[in-house]
Structures are given as C-alpha cells and as structure tokens.
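Scroll down for the structure; my scribbles are underneath it.
Values below: every heavy atom of this structure, side chains too, minus hydrogens, waters and symmetry copies. Residue numbers begin at 1 in each chain, while the letters A, B, ... track the order of the sequences.
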There are 2 protein chains.
Amino acid sequence: MTKANIDISTEEKLKEAARVVFTRKGFAATTVRDIAAEANINLALVNYYFRSKEKLFDLIMAETIQKLFEKIRPIIYDETTSITEKIESIVDHYLELLIANPDFPLFIVNELLSGAKRLPIMTDNGKMFLNSYFVKQLGALRMEGKINFHPVNIIMNMIGMIIFPFLARPLLLKSGALGESEFRAIVEERKKLIPLWLTQITNL
Amino acid sequence: MTKANIDISTEEKLKEAARVVFTRKGFAATTVRDIAAEANINLALVNYYFRSKEKLFDLIMAETIQKLFEKIRPIIYDETTSITEKIESIVDHYLELLIANPDFPLFIVNELLSGAKRLPIMTDNGKMFLNSYFVKQLGALRMEGKINFHPVNIIMNMIGMIIFPFLARPLLLKSGALGESEFRAIVEERKKLIPLWLTQITNL
DNA sequence: AATTGACTTAAACAAATGTTTAAAACAAAA
DNA sequence: TTTTGTTTTAAACATTTGTTTAAGTCAATT
C-alpha cells in the first residue's frame, strides 16, 4: 500500500480547506496561502496536487454543483408525482442543504458575477432543469389555462423564495434584526409555507 | 474659476468607471488599473482623488445604497397608503431601477460575501426598512389574524421575487434559456404579477 | 512675463500573490 | 541496506497590484 492510498488526508484536507475559504471569501479574495493556512499544510502542496488555484476552484465548484443537482434531478424528472409534490420535495431538500451550508448561495452568486469562464458547469445543469418533466408539467398548466403567465416564473419564485433568506442572512444577523435561532425558526417555518404560497399562486 | 470647478470630468469619470468595473467584477477582482483603463485616465489619479481603492469603493457603495433607499423610504413611511399600494409602488420602483442596472443585485450580493467591513451602510438602511410604517402594517396583518406567519416573510418574498431574475440573468442568458428581449418581457410581466401574487399570499 | 496652485504623467516602490525549484524526508520495494 | 518513487519543505521567482514620488503641464492670478 503506497503512501498515496494511506494518506487520503493531505489532498482531501486541502480540498476541504479550499471549499471553506472559497465559500467564505469568494475566488478573487482568496489566496493560495489562505487555503494552505486553513489546512495547516505547506503552500507548495496546493500547486503540487491541483496545479493551480484556478484548477482547484473549478474542481470544487464542479463537485459542489454536481452534488447539488444530483439530489434535485430524480425529483424533477419523476413522471409519477404531481407539481405540488415536486415543489414540496424540492423546497424541503433545498432548504435542508442550505441549513447545513448557509453561505452557499452567496458563494454561487458571487461566482456568477466574476466567473463567466466557470459558467458552463452551471448552464449545463440549468438546461437539465429546464428540460425536466417538472417544467413540462408547468407548461401544461398554462395550456390548461390555469395560469396566464410564463411558467418559468414559478421556478423563479420558488428558487427566489428558497434562497433569499440566505442571501440576506449576513445583513439580518449583523443588523440585529434577527438572531441565529430566529433565523433558523423562520427558515423552518418557510419549509411549509413556500409550497403553500406557490400553490396559491398557481391556483392549484 | 479654478480648474477644479471646470473639470467635473476627471473625478466624475473615474467614479463612473469605478462603478462600472466594480459592478461587473466585484471589489476583490477589480484592479485600480482596470478602473484607470476603463476611464482612459492615468493610474495615479485614482489615488490622487480618492486616496485608496477601498475609499473609492466605499464612496460608490454608499452613494449607490443611498440612491436606492431614498427612493424607497417615502413609500414605506407613507401612512396614508395601503399595504397593497405600497407593494405595487415598491415593486414598480425597484424593477425600474434594476432594468436600468441589471447587475446591481449581483454587485450587492457579491459584497455581502467578502465585505463584512462595508456592511454598516447597509445594515443602517436595513433597520430603516424594518422600522417603517410598512412593517407596522404587516405586523397588524398578523394581529388581525389575516396571516399566521412572521411578517418578515412577506418582505423576503417580495424582495426575493424582485431580485431573483437578475441574479439568475447571466445564467439564463448564457445558457440560451432566454434571450435578452425575452428576459426583459418576463421582468415586465412580473411587474404586475408580483403584487398580485403577494396579495394572494397575504389573503388581501 | 512671472508666479501660483491645481492637475497630470511616467516611473518607481514595496508588498502580496500564484507558481516553481531543488533539496530533504519518508515509506515501500529490491 | 540500498534503491526507488512519492510526498513535503523552505526558499526563490516572476507578476501583479496598491500606492507614492518627482517632475511636468496648464490655466488663472499677480
């Protein structure tokens, strides 16, 4: 057994440290030295294992997006569930994930700004979303005359309502408008409310 | 008349260029040379006029936030208008502003990530929002039993629904899911829909 | 015309940052 | 034990980046 096999640590530690720092500060504001320090590992090893700061970032970004969508895909491609059931499922899964990683939305949005280069990973998954059975169901909703607006609005509202609290989180906490526990309570409350609101909106 | 009075250009040109570049790339990813180049003005003049990159950013940030809230304040402190009227007003003003500056939400959100130092300007205005008559009206809504959830949810939903399309914009455009004109059409559509949806949600 | 004071420029500086190098440490194989 | 290939380390390198400097330009004032 070579050292490479025993030692899951170094490479994995670096990735984990990079994930933490990139998420907290964004790509541009993060230095390779930050990552090395966070991992308590020699600076040169970042380039040794990942060749460059950019490659490391791309790797983490790809993995994160991947993890994100592979949870959603089975839900939105399920042809046996109703719109309402899908919404409940998506909201629940998404919010659970965000409760565990509260600054993840800021991370993504931050990279939307600067990283036009790194977009393909996301656009591909975005298309995957737009081609889903869920979107077809929403389209049918319009055909049936139940809604009189572009179905993409429903998706926008859903994701918007899911992620907004997490975008506003630093503002809400630092301003003292909410405490950590109140924030958590509101998010928990929204888990049930968002699907309710969405059905009201779509007249279901 | 000194040169300082004639020449509104240099300082103002730099500020405008800085606004453009900061908005496009965020604080960390923007270099002073980027700004100078965008303005076609000598590098040293950035520090000559604004002392530092950070001071320049703070100035622009403060002005932008200021401009943003001074439009909203009279609306949300108006004691003569109903909740519905306020919502219509806010949505309309906000969306108009965002149509003119589509990457403004990304800019703000981007700085929420890194700039814990630059938050005070925003938290102050956040408090201004939370102390408004609008929020009191929403609170009353709960007292009357018309809604059975924390009123802050309505604000979250409103802002979330307003800004989300602009956060997703680069993704939607680059992925080809929407064209520029379709995006514009959807936003225009939402101008009327969002208030409608919000009244459905609040049982008004 | 000479002077003043604000503005502009090109060059330089110091610090920070991504990356590379060359040697050392180390564990497994021969 | 010696050898081999991988991993780790400290130092160095080349750029980039924010900032400063010192000289130059220019218009108004004296």
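In this structure, Asp58(A) atom CG and dG18(C) atom P are separated by 15 Å, rounded to whole Å. The NZ atom of Lys13(A) sits 12 Å away from the C1' atom of dT8(D) (whole-angstrom rounding). Regarding Ile41(A), its CD1 atom lies at a distance of 7 Å from the P atom of dT8(D), rounded to whole Å. Distance CD (Glu11(B)) to C1' (dC7(C)): 12 Å, rounded to an integer number of Å. Across the protein-nucleic acid pair, Leu14(B) atom CG and dT8(C) atom C1' stand 12 Å apart, rounded to whole Å. The CG atom of Asn40(A) sits 10 Å away from the P atom of dT9(D) (whole-angstrom rounding). In this structure, CG of Leu45(B) is placed 15 Å from P of dA6(C), rounded to the nearest angstrom. Taking atom NZ of residue Lys25(A) and atom C1' of nucleotide dA16(C), one finds them 12 Å apart after rounding to whole Å.
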>> If you apply the rule ring-ring contact (aromatic ring centres under 6.0 Å, His included), what do you find for Phe57(B) with Phe22(B), and how did you get there?
In response: CA-CA 8 Å; Phe57(B) 180 86; Phe22(B) 278 139; 4.9 Å; yes
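No side-chain donor-acceptor contact under 3.5 Å links Lys86(A) to the backbone of Phe134(A). Remark: the backbone N or O of His93(B) is not paired with any side-chain donor or acceptor of Glu96(B) at under 3.5 angstrom. Checked by atom type and distance alone, the side chain of Asn153(B) pairs as donor or acceptor with a backbone atom of His150(B) at under 3.5 Å. When atom types are taken as modelled, the side chain of Asp34(B) and the backbone of Thr31(B) share a donor-acceptor pair closer than 3.5 angstrom.
In this structure, a donor-acceptor pair under 3.5 Å is present between the side chains of Arg190(B) and Asn157(A).
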>> So if I define the base as every atom that isn't primed, P, OP1 or OP2, how would nucleotides 13-22 of chain D read as a B/S/- string at a heavy-atom cutoff under 4.0 Å?
In response: ----BBBBB-
